[in-house]
Amino acid sequence: MQHFRYEIVEIPAYRGMGIKWNGAYTEINSLKEFITTMSSRVGELEYAINPKVQLGLSYHLMPDGFVHYSVCEVSEEQQLPEGMVEINVPKMTYLMIHHKKDQDIGQTYDKIFQWLKESDYEPFRESNVEYYDRLPIKHERYPNDRDVNNPHFDILIPISKRLQNK
């Protein structure tokens, strides 16, 4: 596939704290506001490892929507601030792509899906969990200098080696 720049990266387990949203695709407009709310609360995380990077962790656990965590990575010393949640992300291998400003996010995700279909990898799925999307888990890493209406950010899709006997 032309012009598809990616990396396969392994990211160690980490602890995130922030706020959790879950809703239908029809409520997606409220998600942007929600992410902005988290941006304004980052200062409450005294032990944020990189306060300039906000993480968006999406899990497609509903047929018509998804669960989204807007978090910052924090160290063990961090206490949970009121109104926030904690999520522990295990060590995983990711397909990492940089989404640039002025590109169509849907198209970027289509390219990712196409690449996965043609590769030796498949989207990671936790066993005993039902997912409702062809890319069931999407992690996004937003720099704090992004334009919320035309963002640039990293997309990280957890992947596993495809079993050859399928």
Hydrophobic clusters here meaning ILVMFWY residues chained together by side-chain heavy-atom distances under 4.5 Å, can you tell me if L135 and W115 are in one? yes
Do R141 and I11 make a side-chain contact, defined as non-hydrogen atoms from C-beta onward lying under 4.5 Å apart? yes
Take atom NZ in K52; do more than 12 heavy atoms of anything else shown fall under 6.0 Å from it? no
pair Q54-S70: side-chain heavy atoms closer than 4.5 Å: yes
Going by the salt bridge (Lys or Arg N to Asp or Glu O under 4.0 Å) test, which pairs reach into residues 23-44, not counting sequence neighbours? R41-E44
Show, in sequence, the C-alpha distance, side-chain angles and deciding distance for D145 and H152, and conclude whether the side chain to side chain contact (heavy atoms under 4.5 Å, CB included) test is met. CA-CA 9 Å; D145 65 351; H152 64 284; 3.7 Å; yes
Which atom of Y142 lies closest to which atom of H68, heavy atoms considered: OH-CE1, 4.4 Å
Step by step, work out the side chain to side chain contact (heavy atoms under 4.5 Å, CB included) result for Y47 and E76. CA-CA 8 Å; Y47 295 97; E76 285 309 310; over 6 Å; no
Looking only at non-hydrogen atoms, find the nearest pair between R5 and I97 and report the distance. O-CG2, 4.0 Å
Go through the structure and list residues passing side chain to side chain contact (heavy atoms under 4.5 Å, CB included) with I28, not counting sequence neighbours. L31, F66
Treating Ile, Leu, Val, Met, Phe, Trp and Tyr as nodes and any side-chain heavy-atom pair under 4.5 angstrom as an edge, say whether V67 and I19 lie in one connected cluster. no
Which heavy atom of P158 sits nearest a heavy atom of I137, and at what distance? CD-O, 3.3 Å
So does L116 get a backbone contact from the side chain of R162, meaning a donor-acceptor N/O pair under 3.5 Å? yes
Compare every heavy atom of S40 with every heavy atom of T37, then report the nearest pair and how far apart it is. O-OG, 2.6 Å
Indicate if Y94 and I157 have the same hydrophobic cluster label, given that clusters are the connected sets of ILVMFWY residues with side-chain heavy-atom separations under 4.5 angstrom. no
Pairwise side-chain contact, L95 with I8, heavy-atom cut-off 4.5 Å (strictly under): yes
Tell me, with the steps shown, if V9 and L156 meet side chain to side chain contact (heavy atoms under 4.5 Å, CB included). CA-CA 9 Å; V9 297; L156 297 122; 4.1 Å; yes
Can you tell me how far CD of E7 sits from CG of D154, rounded to the nearest 0.5 angstrom? 8.5 Å
Keeping the roles fixed (side chain from E46, backbone from Q78), state whether a donor-acceptor pair exists under 3.5 Å. no
Separation between CD of E86 and CD of Q79, rounded to the nearest 0.5 Å: 10.0 Å
Which residue, Y69, Y59, F124, forms the ring-ring contact (aromatic ring centres under 6.0 Å, His included) with H139? Y59
Taking N150 for its side chain and D102 for its backbone only, find out whether a donor-acceptor pair lies under 3.5 Å. yes
Intermediate values then yes/no, side chain to side chain contact (heavy atoms under 4.5 Å, CB included), K161 and Y121: CA-CA 5 Å; K161 274 281 196 199; Y121 293 94; 3.8 Å; yes
Audit row: K111, D104, salt bridge (Lys or Arg N to Asp or Glu O under 4.0 Å) steps and yes/no: CA-CA 11 Å; K111 285 180 185 172; D104 180 293; over 6 Å; no
Could you grab the distance from atom CG of L57 to atom NZ of K138, nearest 0.5 Å is fine? 12.5 Å
Hey, are the side chains of F153 and R146 touching, using non-hydrogen atoms and a 4.5 Å cut-off? no
Could you tell me whether H60 and Y132 have their ring centroids closer than 6.0 angstrom? no
To the nearest 0.5 Å, how far apart are OG in S75 and OH in Y14? 15.0 Å
What distance separates I159 CD1 from E10 CD, expressed to the nearest 0.5 Å? 10.5 Å
Are D110 and R134 close enough that some pair of their side-chain heavy atoms sits under 4.5 Å apart? yes
Do L163 and V129 sit in one hydrophobic cluster, given that two such residues count as connected whenever their side-chain heavy atoms are within less than 4.5 Å of each other, even indirectly? no
Minimum heavy-atom separation for L45 to C72, with atom names? CD1-CB, 3.7 Å
Group every Ile, Leu, Val, Met, Phe, Trp and Tyr by side-chain heavy-atom contacts under 4.5 Å, then state whether V53 and V42 land in the same group. no
Evaluate the side-chain proximity of H99 to Y109: yes if any heavy-atom separation is below 4.5 Å, no if none is. no
Between R125 and D133, does any side-chain N to carboxylate O distance fall below 4.0 Å? no
All heavy atoms of M62 vs all of G23, minimum pair found to be CE-O, 3.5 Å
